[in-house]
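Within every chain, numbering begins at 1; the chains are lettered A, B, ... in the order of the sequence lines, protein sequences first and strands thereafter.
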Amino acid sequence: MSSLQSLRGMVDLLPEVTGLWQHVEATARLHFQRAAVQEIRTPLLEVTELFARGIGEATDVVGKEMYTFLDRGERSCTLRPEGTASVVRAAIQHGLLSQGPQRLWYGGPMFRYERPQAGRQRQFHQIGLELLGFADPRSDVEAIAIAWDLLADLGVGGLALEINTLGSPDDRLRYRGELVAWLEAHREQLDPDSQARIHANPLRVLDSKVPATQALLAGAPTLADALSGESHERFARVRLGLEALGIPFELNPRLVRGLDYYSHTAFEITSSQLGAQATVCGGGRYDGLVQQLGGSPTPAIGWALGLERLVLLLSQAEQQPVAPPALDLYVASRGEAGEAAALPLARRCRAAGLAVELDASGAAFGKQLRRADRSGARFAAVIGDMEAGEGVALLKDLRGDAAEQRLGVDGLIAVVGARRAGEGPAA
RNA sequence: GCGGGCGUCGCCAAGUGGUUAAGGCAGCGGCUUGUGGCGCCGCCAUUCGGGGGUUCGAAUCCCCUCGCUCGCCCCA
């Protein structure tokens, strides 16, 4: 076997699934457009420092999952592992924020060097929303609502929204100090993974899946207790906002999120039908990030939605939202004059809006009609030298029992057009 | 990075030490040299992910390796 394969964790999306992907993307575009959110496209490759500074040196994503290399100019470059840092960088670089708040969305491939498993690839795709310059709790609610409505419109069932608050950056810093002190005091009783995280990422210890650690943690200081009055108030408003919209949610005090830049509201939308990688959409507030990346202090909230996981859910659904593409006409031809007339005919039909496949194989009519039948086309047009000479084509109804007709191009377009693919009985 | 499962034709799949590697789908050719769907006939893996080894003999046993997959971790 010397044939070449795609890189591990890099997946080809074959024609049988791209229709579903397009449906998801089109639905997302529609929802963003309705919510007055504009698209932004940023490079897949950025200076490594952007992610190191933005996401946090201590996170797993930056620490061990990035595709990083030196380019020919000896600069350290990284394939983007997520979208937010790039969007914020672009907004700062082009002075977007001095023009007022920005409502932006992005989509495309992200790269993380991880062990692939269900719902996790090394190149994967996200669609994300970033509301930059919005501080009000109502913007948190709006951001969540946009994601929730998009998923509902796509027909994804069985989803659960979990929310938490991480408090202000000050709250978080203060709590972090308390927590580290407490963890140090109980170091001996922690599992090895948690011990290693005491300083690197103490908040994640709270989410440990080791039962003994969880039991011990019952006595640890809680983030909720460390929250300032304003932070409490703020979180209450977010919850009330969700309730007012009738969006169901659960409080999850252990929901911490992996990236450093989050503060206040953090949320995840998960599905029980996804296996180990259950998060379909995750996000939160990141009021400190813009400043951290060199901009002026700007509050912001955003989320990212994993398309592979979403498509996985959609393809598990009993009812497929996307019908296979339908062909209106299959053009078969034979003989020098017939073959010469076939492409012009196909082209005119296409210009008239029909979906047309042209058989240029030169095979016998029998073969071509067999392929016409298998193509799923509604009609077949046959052009031999006789038809070409008369300026007509023989139109066959492949899905009904209507008699063959000899028609000129305009007549053919009229008849086929009246029976657009998949609709209605034979003429 | 760490565990578990798996790897026979484009897809599905039988075969689990003995001489020629079932079958189905798809594909190709023919019956039907200008007419599809159905049917019938034929073709389609000197080879079982790759490499070593054991054996008179291996797709079947052993080792290594690659890949896929599920989970841990992490996250979308």
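By the 6.0 Å contact criterion, CD on A:E250 is open, its count of non-hydrogen atoms from other residues, nucleotides or ligands being 12 or less. Taking a 6.0 Å sphere around CZ of A:R350, one finds it holds more than 12 heavy atoms contributed by other residues, nucleotides or ligands. Around the CZ atom of A:R138, the shell of radius 6.0 Å holds no more than 12 heavy atoms that belong to other residues, nucleotides or ligands.
Contact annotation for A:R309: base contact, defined as any heavy-atom pair under 4.0 Å involving a base atom. At the heavy-atom level, A:R112 lies under 4.0 Å from base atoms of the strands shown. Residue contacts shown for A:M386 include a base, since a base heavy atom lies under 4.0 Å away. Residue contacts for A:K396: at a heavy-atom cut-off of 4.0 Å it reaches a base atom on one of the strands shown. As judged by a 4.0 angstrom heavy-atom cut-off over every strand, A:L307 is placed among residues making no nucleic acid contact. No engagement by A:E16 is indicated, since no non-hydrogen atom pair under 4.0 Å with the nucleic acid exists.
Rounding to whole angstrom units, CD of residue A:Q368 and P of B:U32 are separated by 20 Å. Atom OH in A:Y286 sits about 15 Å away from atom C1' in B:A76, given to the nearest Å. Computed from coordinates, the A:R399 CZ to B:G37 C1' distance equals 8 Å when rounded to whole Å. When rounded to the nearest whole Å, the span between CZ of A:R378 and P of B:G37 equals 19 Å. Atom CZ in A:R370 sits roughly 7 Å away from atom P in B:C28 (whole-Å rounding). Rounded to whole Å, atom P of B:G36 lies 19 Å from atom CZ of A:F379. If you measure from atom CD of A:Q126 to atom P of B:A76, you get 7 Å, rounded to the nearest angstrom. One interatomic measurement links the two molecules: CG of A:L369 to P of B:U32, which rounds to 17 Å at whole-angstrom precision.
Look at the P atom in both B:U33 and B:C43: the space between them is 22 Å, to the nearest Å. With both ends at atom P, the span from B:G42 to B:U47 equals 25 Å, rounded to whole Å. For the P atoms, the distance linking B:A59 with B:U32 amounts to 43 Å, nearest Å. Nucleotides B:G7 and B:C48 have their C1' atoms positioned 10 Å apart, rounded to a whole Å. Only the C1' atoms considered, B:C73 is 47 Å distant from B:G57, to the nearest whole Å. Rounded to whole Å, the separation between the P atoms of B:C68 and B:U54 comes to 31 Å. Nucleotides B:U46 and B:G27, compared at atom C1', are 22 Å apart to the nearest Å. For B:G24 and B:G17, the P atoms lie 26 Å apart once the distance is rounded to whole Å.
Under the Watson-Crick or G-U wobble criterion, with both distances below 3.5 Å, B:G1 is paired with B:C72. B:C31 is paired with B:G39 under the Watson-Crick or G-U wobble criterion, all donor-acceptor distances under 3.5 Å. Pairing for B:G67 goes to B:C6, judged as Watson-Crick or G-U wobble with the two contacts each under 3.5 Å. Nucleotide B:U55 forms a pair with no other nucleotide shown, judged by Watson-Crick or G-U wobble geometry with both contacts under 3.5 Å.
Geometrically, A:R122 engages A:Y113 in a cation-pi contact defined by less than 6.0 Å to the ring centre and at most 45° from the axis.
A distance-only check finds no donor-acceptor pair linking the side chain of A:W182 to the backbone of A:P221 [under 3.5 Å]. Using modelled atom types, one side-chain atom of A:S271 and one backbone atom of A:Q273 make a donor-acceptor pair closer than 3.5 Å.
The one candidate from A:E268, A:R309, A:E162 that meets the side chain to side chain donor-acceptor pair (under 3.5 Å) condition with A:T279 is A:E268.
Of the listed nucleotides (B:A76, B:G36, B:U35), B:A76 has the atom at the smallest distance from the side chain of A:A304. Taking only side-chain atoms of A:T279, from C-beta outward, the nucleotide of B:U35, B:A26, B:A76 with the closest atom is B:A76.
Mapping A:G366 and A:Y262 onto RNA chain B via the closest heavy atom, the residue that lands nearer the 5' end is A:G366. Each of A:A364 and A:L305 lies near RNA chain B, and the nucleotide nearest A:A364 is the one positioned closer to the 5' end.
With contacts defined as side-chain heavy-atom distances shorter than 4.5 Å, the pair A:L274/A:L312 qualifies.
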task = Assess whether salt bridge (charged side-chain N to carboxylate O under 4.0 Å, His left out) is satisfied between A:R41 and A:E39, documenting all intermediate values.
result = CA-CA 7 Å; A:R41 301 193 190 193; A:E39 184 180 9; 2.9 Å; yes

When you compare the protein's N or O atoms with those of nucleotides 65-73 of chain B, which come within less than 3.5 Å of each other, and at what distance?
{"from": "B:C68", "atom 1": "OP2", "to": "A:R8", "atom 2": "NE", "distance (Å)": "2.9"}
{"from": "B:C70", "atom 1": "OP2", "to": "A:A118", "atom 2": "N", "distance (Å)": "2.9"}
{"from": "B:G71", "atom 1": "OP1", "to": "A:A276", "atom 2": "N", "distance (Å)": "3.1"}
{"from": "B:G71", "atom 1": "OP2", "to": "A:Q117", "atom 2": "NE2", "distance (Å)": "3.4"}
{"from": "B:C72", "atom 1": "N4", "to": "A:R120", "atom 2": "NH2", "distance (Å)": "3.3"}
{"from": "B:C73", "atom 1": "O3'", "to": "A:R197", "atom 2": "NH2", "distance (Å)": "2.8"}
{"from": "B:C73", "atom 1": "N3", "to": "A:R120", "atom 2": "NH1", "distance (Å)": "2.8"}
{"from": "B:C73", "atom 1": "N4", "to": "A:Q117", "atom 2": "OE1", "distance (Å)": "3.2"}
{"from": "B:C73", "atom 1": "N4", "to": "A:R120", "atom 2": "NH1", "distance (Å)": "2.8"}
{"from": "B:C73", "atom 1": "N4", "to": "A:Q277", "atom 2": "NE2", "distance (Å)": "2.8"}

